[in-house]
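As the structure is a prediction and not an experimental result, all values here were calculated from the model.
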Amino acid sequence: MKLLSIGLLTLLCRPTLMAQTTIAVITDTHVMAPGLLVNGGTAWQNELGNDRKLLDYSSRIFDELVSKFKAEKPGLLLVTGDLTKDGERLSHEYVKAGLDQLKAEGVKVLVIPGNHDIDNNGAEKYDGDVATKVETVSSADFATLYADYGYSGTVRDDNSLSYACEPVSGLVLIGIDTHTGAIDGATLDWACQQARDAYRQGKQVIAMMHHPLFPHILGADMFVNSSTVANYKTVRNRLADAGVRVVLSGHFHTSDIAKDWNADMTKEIYDINTGSVISYPCDYRVMTLSGDLQTLEVATQSVTTLPDEPAFSNTAKKRLTASMTKIAAAKVGNALSGTAANVFVVHAEGNEDESGMADGYLNMFDLAKKLDPLSGNKISTKLKSLGLTFDSFEAILKSILYDISNYGTERADKTDDRSLTIAMPDLSEGLSVSVSGWSTYCSDRCLDLSKTDGIKGYIVEEVSDKGVQLKEVSIVPAETGFIISGEGSADIRLWATDKEADDVSGNLLKGTLSATTAPDHSYVLSTQDGTTGFYPLATSVTLPAHKAYLTIPAGGSVRQILLPSDGQATAVEALALPDSDAPCYTLQGVRVAQVQKGIYVRNGQLVVIK
């Protein structure tokens with residue numbers, strides 16, 4: 001078969017594209033079932049006054065989103081925790097009823113719990129001046145309630161409410177349970193293994209969990225307790241090393257996207273933190289995963305109106321500003337409370353550096369700093385109680401207002417918080433076939449060679465006095481050395497697969513996944529004097545990663561092992577010293593009067609003399 005040109009070969013290397021998938025993400029819905037408010041009164045008003053969340057709007061906002069998604073029918077809806085106000089069974093049942101409506105419309109929904117959802121002592125109902133404890137749900141109850149939304153028909157972790165599934169062909173979703181604020185070692189091991197398995201099968205991975213993967217701003221714990229998952233550096237490093245590029249999170253109630261890296265900064269990982277739908281600006285995400293699974297486009301939308309309340313967004317902003325002013329006054333004093341609250345509101349809106357507010361707020365802070373001695377150093381005293389100084393607090397403000405994550409370190413990064421396109425890990429592997437048309441390769445993934453037109457793959461089953469016996473393979477197991485035959489000097493792509501691999505039990509090729517020193521009596525592929533074959537190593541050689549070398553059974557030794565020119569398996573007949581006038585030539589074309597053990601050319605054919 002004539003091999004294809006490089007351009008056409010590259011085109012045909014791509015797998016058949018699927019339709020793009022729309023993925024909606026909501027978080028921190030904090031739904032309070034209407035039945036929990038028996039009668040208004042001081043108990044309920046006190047609850048509202050101590051919380052920045054729009055709890056009194058929670059069920060209405062949730063209902064609005066259910067109606068929206070019923071109409072728009074995203075391919076997938078993900079809910080990253082804190083589904084309920086405080087884990088009340090009645091609130092969970094309200095949420096489930098809404099999700100059941102979406103399920104009936106064909107919308108696939110997956111959820112994960114947050115810190116408010118399970119065994120929460122704060123679950124109450126309100127009747128005038130009295131707040132009374134109500135029934136909550138346990139971890140087992142949660143899994144039963146949401147069986148259709150992640151906890152049935154999925155791969156479950158034995159130690160938590162974590163699970164993995166493939167809701168979209170080629171996309172593995174790993175839901176990681178952080179409702180305690182932490183991920184134990186066994187669960188982290190499990191999640192990383194799920195990610196590695198997906199990678200080896202040529203599938204993309206998105207993880208979701210309630211708590212942010214890492215801090216997005218300096219001093220994040222000043223604003224939200226347990227502002228990240230516990231031991232976040234280890235979690236970040238492990239997930240990134242396992243091949244996770246995107247984590248979806250909530251908890252912080254602001255829409256902020258930040259990029260970080262693993263320990264040696266060789267693999268990047270994004271934490272897409274989505275704001276609460278019941279905290280201004282009441283955001284949710286709408287993401288688009290491309291048909292080839294290679295790009296994830298992130299867009300942000302907001303609940304700005306409700307039935308009979310067209311100015312809802314203004315109400316939400318005023319409520320957040322007032323709440324944050326009260327919180328800031330308790331932390332840093334009245335003189336800075338307004339500035340601090342407004343800075344947080346700008347942070348909640350995202351893309352703070354584009355707001356035009358940074359310099360103004362920092363000037364106000366500088367003025368407060370200069371006037372502080374005149375007021376008896378009230379601000380500095382408040383800051384000191386928080387373990388801060390004016391300089392360290394200014395650094396926090398700059399981190400927020402200039403939208404710089406991990407501010408002041410080598411990991412500092414700025415990303416668009418509301419609209420971003422992320423390049424997902426490459427599902428294919430690139431390599432070049434040598435000028436001769438032959439190359440060796442080894443991957444840590446199972447590869448489907450049939451997805452790449454114009455190439456063939458072989459393993460070596462036998463090297464003996466009958467020559468080299470090749471076996472063509474199509475699905476090559478992971479960590480298997482093999483030979484590729486293709487167009488010389490072509491750049492090709494190979495695709496991972498979860499198909500059952502071919503039998504390679506008799507393979508004499510040994511693959512390298514990292515730089516490897518080939519043992520004695522090994523043969524490596526090369527071209528010498530215009531002839532391509534496996535040649536014995538004269539000295540110790542370190543082979544690069546993703547190559548293969550040939551081993552000869554004990555006692556075997558030849559000077560050169562040729563590859564067939566037509567890509568077919570060979571069986572070179574072994575001859576004793578022939579009683580014939582036909583001369584024998586070395587592989588370099590030199591005629592010999594006497595032949596010894598080795599490979600020769602006679603009558604245009606390869607022969608092996610034992």
Practice item. Could I get the full list of side-chain hydrogen bond (donor to acceptor under 3.5 Å, both in side chains) partners for Arg200, not counting sequence neighbours? Key: none
**Study point:** Partners meeting side-chain hydrogen bond (donor to acceptor under 3.5 Å, both in side chains) with Asp403 (sequence neighbours left out)
**Key:** none
Counterpart residues, salt bridge (charged side-chain N to carboxylate O under 4.0 Å, His left out), relative to [X] (two or more places apart):
X	result
Asp241	none
Asp448	Lys499
Lys414	Asp353
Glu268	Arg245, Lys259

Practice item. Provide the full list of salt bridge (charged side-chain N to carboxylate O under 4.0 Å, His left out) pairs with a residue in residues 157-175, sequence neighbours left out, each pair given once. Key: Glu166-Lys203
Please list, chain by chain and in numerical order, all residues satisfying side chain to side chain contact (heavy atoms under 4.5 Å, CB included) with [X], sequence neighbours excluded.
X	answer
Ser522	Ala518, Pro519, Leu537, Tyr549
Val168	Thr21, Leu171
Ala186	Asn159, Asp184
Ser419	Asp416

Review point. Any Lys/Arg nitrogen of Asp426 or Arg493 sitting under 4.0 Å from an Asp/Glu carboxylate oxygen of the other?
Key: yes
Point to revise | Donor + acceptor pair across side chains of Ser249, Asn273 (<3.5 Å) | key: yes
Review point. Pick one: which of Thr295, Ile206, Asp292 meets side chain to side chain contact (heavy atoms under 4.5 Å, CB included) with Met424?
Key: Ile206
Check your understanding: Tyr458 vs Trp438 aromatic rings, parallel, tilted or perpendicular, using cut-offs 30° and 60°?
Key -> tilted
Practice item. Scan residues 190-211 for pairs that pass ring pair (Phe, Tyr, Trp, His ring centres under 6.0 Å), counting only residues two or more places apart or in two chains. Key: His210-His251, His211-His251
